[in-house]
> 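Here it is: the structure, laid out below.
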Amino acid sequence: MKIRVNFSALAETKGQEYVVRFLFGGLVTVVAGIMAKAFGPVVGGLFLAFPAIFPASATLIEKHEKQKKDRVGLTGARRAADAVSVEAAGSAMGSIGLAVFAVLVWRAAPSHSAWLVWSGASLAWVWVSVLMWELRKRL
Amino acid sequence: MKEILVRFLIGGIVVSCFAVLGDLFKPKSFAGLFGAAPSVALATLGLAVVSDGKWYAATEARSMIAGAIAFFVYASCVSCLMRCYKWKALAVTTSSILMWLVTAFGLWYVWLR
């Protein structure tokens, strides 16, 4: 299975759906900040890995898969559920990268420049996530 | 109020960018990686360093490890439920957030408290 970039997928997402994701993202970031202010950074930090837009993204995938099947006169409920399941499995692999990102920021943030830490931790997230995805594919 | 607005805008933009990246890639399992991108973390930790200092950001990041483990449990649970029962995505993804909360606060109780 090769990794491909599909720009036409952007046209499938409506403006309203982009707005929903923006609102969810903004809202969760505000909630994470409020939790940190109210209960301290230990509790607030938990919400930095909250599945912010996952429900919105999964619902979009389900809708798009159903629409594709509807166009050819089939009911796509089963196919849509499988697509969401596969996407969620990918997110589980990404969450391992997310944990590595957090470990690096935790250990390096106090003694290194913020930009260096964010860039290094983000690269580590990409690397670990892709590695986990490859490993899972081979198993 | 200004800080909340800035937080909202930065969070919305960063999360949307990762969501668009997720839309672009195929296969779906690879695109799913972007569902667990450090989008909220990048937006929040940057602001935390500016307003509260590096140690505050490091403390938040330590708790984020528990949040990421909870995310793994959440995403695995969603994947299993959708594969086995073919329920509605919105129902499964929102009700499974309870799993995230239980795991995250369970880890907080035994490890971070």
Side-chain angles (χ1 to χ4, degrees), chain A residues 1 3-7 9-10 13 18 21-22 25-26 28-30 32-33 36 41-42 44-55 57-59 62 77-78 81-96 98-99 101-103 105-106 109-110 114 118 125 129 133, chain B residues 4 7-12 15-16 19 22-33 35-45 49 54-72 74-76 78-79 82-83 86 89-90 93-94 97 100 104 108 112:
Chain A
M1 229 184 316
I3 298 163
R4 287 178 289 119
V5 180
N6 176 24
F7 287 101
L10 295 179
T13 308
Y18 285 114
R21 286 162 162 188
F22 178 83
V28 172
T29 311
V30 167
V42 177
L46 295 172
F47 287 85
L48 301 189
F50 187 77
I53 55 158
F54 196 86
S57 298
T59 311
E62 183 184 52
R78 181 175 287 267
D82 286 340
V84 174
S85 170
V86 167
E87 175 108 354
S91 292
M93 297 301 103
S95 66
I96 299 170
L98 196 62
F101 173 95
V103 170
V105 174
W106 169 40
W118 299 162
W125 168 74
S129 300
W133 179 78
Chain B
I4 289 177
R7 205 175 271 277
F8 182 83
L9 288 174
I10 294 177
V15 168
S16 298
D23 285 347
L24 284 175
F25 286 100
K26 290 220 169 196
K28 289 245 178 305
S29 59
F30 186 81
L33 296 179
S39 42
V40 177
L42 283 170
T44 305
L45 290 171
V49 167
K54 288 178 172 181
W55 282 103
Y56 190 94
T59 307
E60 283 197 315
R62 181 169 164 257
S63 294
M64 190 188 157
I65 300 167
I69 296 168
F71 199 126
F72 178 83
Y74 167 81
S76 304
V78 169
S79 180
M82 291 303 293
R83 191 178 60 240
K86 320 284 182 201
L90 188 64
T93 52
T94 49
I97 283 178
W100 183 88
W108 166 80
L112 299 164

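Below, chain A is the first sequence line, B the second, and so on; all start at residue 1. All values derive from a computational prediction rather than experimental measurement.
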> Does the gap between the ring centers of B:Tyr74 and A:Phe50 come in under 6.0 Å?
no
> Just how far is it from atom CH2 of A:Trp106 to atom CD of B:Glu60, taken to the nearest 0.5 Å?
15.0 Å
> A:Phe101 versus chain B, heavy atoms under 4.5 Å apart: side chain, backbone, both or neither?
side chain
> With respect to chain A, which residue among B:Gly67, B:Ala19, B:Ala36 yields the maximal number of heavy-atom pairs within a distance under 4.5 Å?
B:Ala36
> I'd like to verify something: which residue of A:Ser95, A:Gly94, A:Ala99 has the highest number of heavy-atom pairs under 4.5 Å with chain B?
A:Ser95
> Examine whether an atom of A:Ile53 lies under 4.5 Å from a heavy atom of chain B, and if so say whether it belongs to the side chain, the backbone or both; otherwise answer neither.
side chain
> Taking every heavy-atom pair that is under 4.5 Å apart, which of B:Gly35, B:Ser29, B:Ser16 has the most such pairs with chain A?
B:Ser29
> Highest number of heavy-atom pairs under 4.5 Å with chain B: which of A:Gly33, A:Ala9, A:Ala52?
A:Gly33
> For A:Asp82 and B:Lys86, what are the C-alpha separation, side-chain angles and deciding distance, and is it a side-chain contact (heavy atoms from CB on, under 4.5 Å)?
CA-CA 7 Å; A:Asp82 286 340; B:Lys86 320 284 182 201; 2.5 Å; yes
> If you count heavy-atom pairs under 4.5 Å with chain A, which of B:Ser63, B:Ser76, B:Gly22 comes out on top?
B:Ser63
> Is the closest side-chain heavy-atom distance between B:Ile97 and A:Phe54 below 4.5 Å?
no
> Let me know if A:Ser129 has heavy atoms under 4.5 Å from chain B in its side chain, its backbone, both or neither.
both
> Restricting to non-hydrogen atoms, name the atom on B:Thr59 and the atom on A:Pro41 that form the minimum distance, rounded to 0.1 Å.
CG2-CG, 4.0 Å
> Do you know which of A:Ala114, A:Ala77, A:Ser57, A:Pro51 has the most heavy-atom pairs with chain B at a distance under 4.5 angstrom?
A:Pro51
> Can you sort out the partners of A:Trp133 under ring-ring contact (aromatic ring centres under 6.0 Å, His included), two or more places apart, ordered by chain and number?
B:Phe30
> State whether a side-chain donor-acceptor pair under 3.5 Å links B:Ser79 with A:Ser85.
yes
> Hey, could you give me the CD1/CG distance between B:Ile69 and A:Leu98, rounded to the nearest 0.5 Å?
10.5 Å
> Report which part of A:Leu10 has an atom under 4.5 Å of a heavy atom belonging to chain B: side chain, backbone, both, or neither.
side chain
> Looking only at heavy atoms and a cut-off of under 4.5 Å, which of B:Ala70, B:Ala104, B:Ser39, B:Pro27 has the most pairs with chain A?
B:Pro27
> Which answer fits A:Ala58, side chain, backbone, both or neither, if we ask what part of it has an atom under 4.5 Å from a heavy atom of chain B?
both
> Does B:Asp23 come within less than 4.0 Å of A:Arg21, counting only side-chain N to carboxylate O?
yes
> Which residue out of A:Ala32, A:Ala109, A:Pro55 racks up the most heavy-atom pairs below 4.5 Å with chain B?
A:Pro55
> What residue, out of B:Trp100, B:Trp108, B:Tyr56, has the most heavy-atom pairs lying under 4.5 Å from chain A?
B:Trp100
